[in-house]
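Read the structure below first, then the notes.
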Amino acid sequence: MADYDYDLFVIGAGSGGVRAARLTALGGKRVAIAEEHRVGGTCVIRGCVPKKFMVMASEVSHALEIAEGYGWSFDNARFDWPTFLETKDVEIARLSGIYVANLGKAGVDLIHGRAVLRDAHTVAILGKGEDGADRIVTAERILIATGGRPWTPADLPGIEHAITSEEAFHLPELPKRILIAGGGYIAVEFAGIFAGLGVETTLVYRGPNILRGFDDDVRSHLAGEIEKRGIRVVLGCQHTTIEKTATGLLNTFGNGHEIETDVVMFATGREPHVKGLGLESAGVELNDSGAIRVDEFSKTTADNIWAVGDVTDRINLTPVAIREAVAFHETVYRDNPQRFDHEHVASAVFSQPPVGVVGLSEYEARQTLGGEIDVYLARFRPMKYAFTGSEERVLMKLVVEARTEKVVGVHIVGPEAPEMIQLAAIAVKAGLTKAQWDATCAVHPTMAEELVTMKDKQTPASVAVG
Ligand code: NDP
């Protein structure tokens, strides 16, 4: 057998790459990991974690409104963006440091620099060798975990004036007005963040309603709720130009609409980070959507190279990348072939109010299960808002396959929906029936008790609005 520098070389120190590197090194193998930016990847550095801090900072304004309903008063409550940014960045640095320390404790060699494949067993770390030459490293196996990055329409005139989520984490000051283009996770999450922080926020989406792919009741309910929180939602609108004017940025749309704003943020999707990786020289092929083609064990078209996480564009979520990395490790290094099961993965949209979803939408259930579907749906005012005069409503929906009586989809829009859906996901993954949900005694008074007390199948007249 050839003598390689390492047993495993991982490209990309995000959630998936770090997990695979640590497990494999802890198992006694010689492992290196290369990272061109900061250790932690999208999730820790420019995604889930800083986004959640921003959501939490933004939600305080709503909490203050509720508090006033309960008799509290706040003189001079104000928010200071630079203070928040500084605190957030200290915390992100701390978390990144923990990742670095954990790699070190596991015995992984951390290499700072951009890694490029030269062939199936050789990696060059650009400019990191002697006298600025490339450093060449060989490995028996390679794992690509380079994640994704924001995609924007490069041919849109004026796109250079737009930012993406990456810059939104570091705006030098909060704008007075922001326009967010897109109707997916990132668009609705950042619209909520900026609106909560007092920025005049407009969400512009090309389709008929936000969050395409989610259950239709969730989509319409959330669109209504975010409008109640002051976000202007403009649908059926596609950008044609962005122009800098003396007073801001003028956005023009295909239907003739014009909207002026101070900051334009594009949240129009993310693309696998494969450019310039040298995949062709190693025999690693892409699929039709430009992601690395992998089999169910995350193996690429090259025999000794695997890929996990967003670069494979399966389900682009941190916990999925981690599970794919664990399955890779078990399969390759522990003689325990494992495929990560991508079915029934719960997810949350940290909009305000947030969304929690697991399983099938009503539409998907009707399309794929080929039989009768029962739907249970409730809309009600959460108890917390009773003193506030708030018009906000929670939505809870169960989708049940009538033949087996299994709950195949759970959809929640409302406070703490992400926390609730994590637990509901256990029941959906376990294939429990509606009768088993109902046999579970309620916890009172909570919002979640509605999930085990929904009795009436939905007919248009039976939808309760509390
Ligand atoms: P999404 O794929 O969720 O949404 C992209 C949005 O951009 C869609 O509304 C899409 O419209 C729109 N769009 C695409 N192309 C264009 C275009 N040319 N012009 C105008 N609009 C366009 O991507 P995000 O960037 O929001 O998020 C990327 C992924 O990251 C998510 O899918 C998710 O997997 C992950 N993520 C998860 C989060 C979480 O778990 N909370 C948070 C953030 C991201 P259309 O629907 O019509 O195609």
Side-chain angles (χ1 to χ4, degrees), residues 4-25 29-37 39-43 47 99 103 108-126 128 134-149 270-318 320-333 339-340:
Y4 299 109
D5 299 324
Y6 291 101
D7 298 310
L8 175 67
F9 193 96
V10 180
I11 307 180
S15 303
V18 166
R19 182 60 58 97
R22 283 181 50 221
L23 289 176
T24 307
K29 299 291 180 189
R30 297 166 304 155
V31 181
I33 190 165
E35 172 57 54
E36 62 177 327
H37 299 300
V39 173
T42 301
C43 175
Y99 270 65
L103 285 168
V108 177
D109 283 351
L110 173 59
I111 300 175
H112 291 282
R114 177 163 176 74
V116 173
L117 293 165
R118 289 281 191 250
D119 63 41
H121 291 281
T122 311
V123 178
I125 297 102
L126 303 183
K128 297 292 176 177
D134 299 341
R135 176 176 165 193
I136 303 297
V137 173
T138 59
E140 184 188 9
R141 295 190 177 100
I142 292 169
L143 178 71
I144 303 170
T146 47
R149 54 185 177 181
R270 294 175 60 84
E271 61 184 356
H273 197 350
V274 291
K275 205 168 157 209
L277 264 181
L279 298 178
E280 22 348 290
S281 43
V284 175
E285 290 174 14
L286 301 181
N287 63 22
D288 294 342
S289 66
I292 293 184
R293 186 191 300 280
V294 286
D295 68 12
E296 54 196 349
F297 295 101
S298 296
K299 190 170 176 176
T300 72
T301 46
D303 235 13
N304 66 313
I305 303 182
W306 279 257
V308 294
D310 290 8
V311 77
T312 63
D313 196 20
R314 287 174 280 182
I315 300 178
N316 298 328
L317 299 172
T318 292
V320 172
I322 291 173
R323 291 296 184 100
E324 289 168 355
V326 173
F328 153 76
H329 171 75
E330 288 289 325
T331 302
V332 176
Y333 290 106
R339 311 165 176 82
F340 172 63

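These numbers were taken from a predicted model, which means no experiment stands behind them.
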*Between Gly309 and Ala321, which heavy-atom pair has the shortest distance, and what is it?*
CA-CB, 3.7 Å
*Heavy-atom donor-acceptor pair, Asp5 side chain to Ala139 backbone, under 3.5 Å*: no
*Between Ala25 and Val31, which heavy-atom pair has the shortest distance, and what is it?*
N-CG2, 3.6 Å
*Report yes if the side chains of Val116 and Val123 come closer than 4.5 Å at any heavy-atom pair, otherwise no.*
no
*Does any donor atom in the side chain of His329 or Thr24 lie under 3.5 Å from an acceptor atom in the other side chain?*
yes
*Any idea which heavy atoms bring Ile292 and Ala307 closest together, and the distance?*
CG2-CB, 3.8 Å
*Residues Ile142, Leu117; criterion side chain to side chain contact (heavy atoms under 4.5 Å, CB included); working and verdict*: CA-CA 9 Å; Ile142 292 169; Leu117 293 165; 3.6 Å; yes
*When rounded to the nearest 0.5 angstrom, what is the spacing between CD1 in Ile144 and CH2 in Trp306?*
11.5 Å
_Is it the case that over 12 heavy atoms from other parts of the model lie below 6.0 angstrom from the CG atom of Asp303?_
no
*Gap between atom CG of Asp313 and atom CZ of Arg293 - 0.5 Å precision*: 13.0 Å
*What's the verdict on side chain to side chain contact (heavy atoms under 4.5 Å, CB included) for Asp109 and Tyr6, showing C-alpha distance, side-chain angles and the deciding distance?*
CA-CA 10 Å; Asp109 283 351; Tyr6 291 101; 2.5 Å; yes
*Out of curiosity, Arg149 CZ to Arg270 CZ, how far, rounded to the nearest 0.5 Å?*
10.0 Å
*asked:* Can you tell me how far apart CG (Leu126) and CZ (Arg135) are? Round to the nearest 0.5 Å.
replied: 12.5 Å
*asked:* For the residue pair Asp7 / Tyr333, report whether a side-chain donor-acceptor contact shorter than 3.5 Å exists.
replied: no
*Shortest non-hydrogen contact from Ala302 toward Ala282*: CB-O, 3.3 Å
*asked:* Quick check: do Asn304 and Glu140 have side-chain heavy atoms less than 4.5 Å from each other?
replied: no
*Checking side chain to side chain contact (heavy atoms under 4.5 Å, CB included) for the pair Val308/Arg19: CA distance, chi angles, key distance, verdict?*
CA-CA 11 Å; Val308 294; Arg19 182 60 58 97; over 6 Å; no
*Apply side chain to side chain contact (heavy atoms under 4.5 Å, CB included) to the pair Arg22 and Leu103, showing each step before the final yes or no.*
CA-CA 6 Å; Arg22 283 181 50 221; Leu103 285 168; 3.7 Å; yes
*Mind listing the closest non-hydrogen atom pair of Gly16 and Ala325 along with its distance?*
O-CB, 3.2 Å
*Give a yes or no on whether a salt bridge exists between Arg314 and Glu324, defined as a side-chain N under 4.0 angstrom from a carboxylate O.*
yes
_On the six-membered ring of Phe328, is Arg141 placed so that its NZ or CZ lies under 6.0 angstrom from the centre and within 45° of the ring axis?_
no
*Any chance you could measure Arg339, atom CZ, to Asp295, atom CG, to the nearest 0.5 Å?*
9.0 Å
_Where Ala20 and Leu8 come nearest, the two heavy atoms and their spacing_ = O-CD2, 4.4 Å
*Partner of Ile11 under side-chain contact (heavy atoms from CB on, under 4.5 Å), chosen from Leu143, Ile33, Leu277, Ile125*: Leu277
*Once you round to the nearest 0.5 Å, how far does CD1 of Ile305 lie from CZ of Phe9?*
12.0 Å
*Can you tell if the side chain of Ile322 reaches within under 4.5 Å of the side chain of Thr318, non-hydrogen atoms only?*
yes
